[in-house]
Every structure is written in structure tokens, then in C-alpha cells.
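Here's the structure, in C-alpha cells; my notes come after.
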Amino acid sequence: MNVMPIRLFTIQDGEGFVADAFQCPVTGNLIYKSSGTPSVVAYTDLTDEQIMRLEQYGFRRLDEAPARMESGPDGIEELLPRQ
């Protein structure tokens with residue numbers, strides 16, 4: 001199964017710095033990727049305020065997903081991006 005992170009937004013400054021922010025569709029983790037190794041912020045480390053601010057970019061709360069992972073292997077499919 002190919003699970004690609006969902007791109008939320010790109011940060012650019014006037015000096016040529018570019019970073020992309022993604023969300024892992026399975027774990028919910030926030031991933032920042034610039035040059036070099038990506039930085040990961042665990043979903044459980046995000047505050048409600050941070051999640052609310054990220055939702056405007058398409059960030060999804062795991063507790064609001066249509067199917068939970070406990071519901072079996074098919075429940076994971078609901079968290080994956082649509083092709």
C-alpha cells in the first residue's frame with residue numbers, strides 16, 4: 001500500500017527559504033520538509049489551538065475520521081487520500 005503524506009501548505013520567505021508542511025494520513029503527524037531531514041511533530045503533541053489553526057489548510061483530526069483504526073483493517077482506508 002502506498003501511503004503518501006497530504007500536503008497542507010508551503011512556507012516561503014523572501015530569502016529563498018522554502019518548507020512544505022504535510023500530514024501523515026495514518027498517524028496524523030505533522031511533517032515539515034525543507035532541505036535535509038524532515039522534522040516530525042507527533043499528533044499527540046499538538047494542542048487543540050494548533051490543530052484548529054491547521055484545519056484551515058486541510059489538517060484532519062483523527063478522532064473525526066469517518067472510520068477508526070480499531071474498526072479493522074478496512075477502517076484505515078478511510079484515512080488515506082483519495083486517488
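These numbers come from a predicted model, not from an experiment. Values below: all heavy atoms of this structure, side chains included; hydrogens, waters and symmetry mates excluded.
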Do you know which of V41, D20, V40 makes side chain to side chain contact (heavy atoms under 4.5 Å, CB included) with Y32?
V41
The single option from P38, P5, S39 passing side chain to side chain contact (heavy atoms under 4.5 Å, CB included) against K33
P38
Sub-4.5 Å side-chain heavy-atom contact between R61 and D48
yes
When rounded to the nearest 0.5 Å, the distance separating CG of L62 from CD of Q23 is 6.5 Å
Using side-chain heavy atoms (C-beta onward) and a distance below 4.5 Å, is L8 in contact with L30?
yes
Can F22 be reached from Y57 by stepping across I, L, V, M, F, W or Y side chains whose heavy atoms are under 4.5 Å apart?
no
For the atom pair OG1 (T44) and CG (N29), what is the distance rounded to the nearest 0.5 Å?
7.5 Å
Are I11 and L54 connected in a single hydrophobic cluster, I mean Ile/Leu/Val/Met/Phe/Trp/Tyr linked by side-chain heavy atoms less than 4.5 Å apart?
yes
CD of Q56: more than 12 outside heavy atoms within 6.0 angstrom?
yes
If we only count heavy atoms from C-beta on, is the F59 to F9 side-chain gap below 4.5 Å?
no
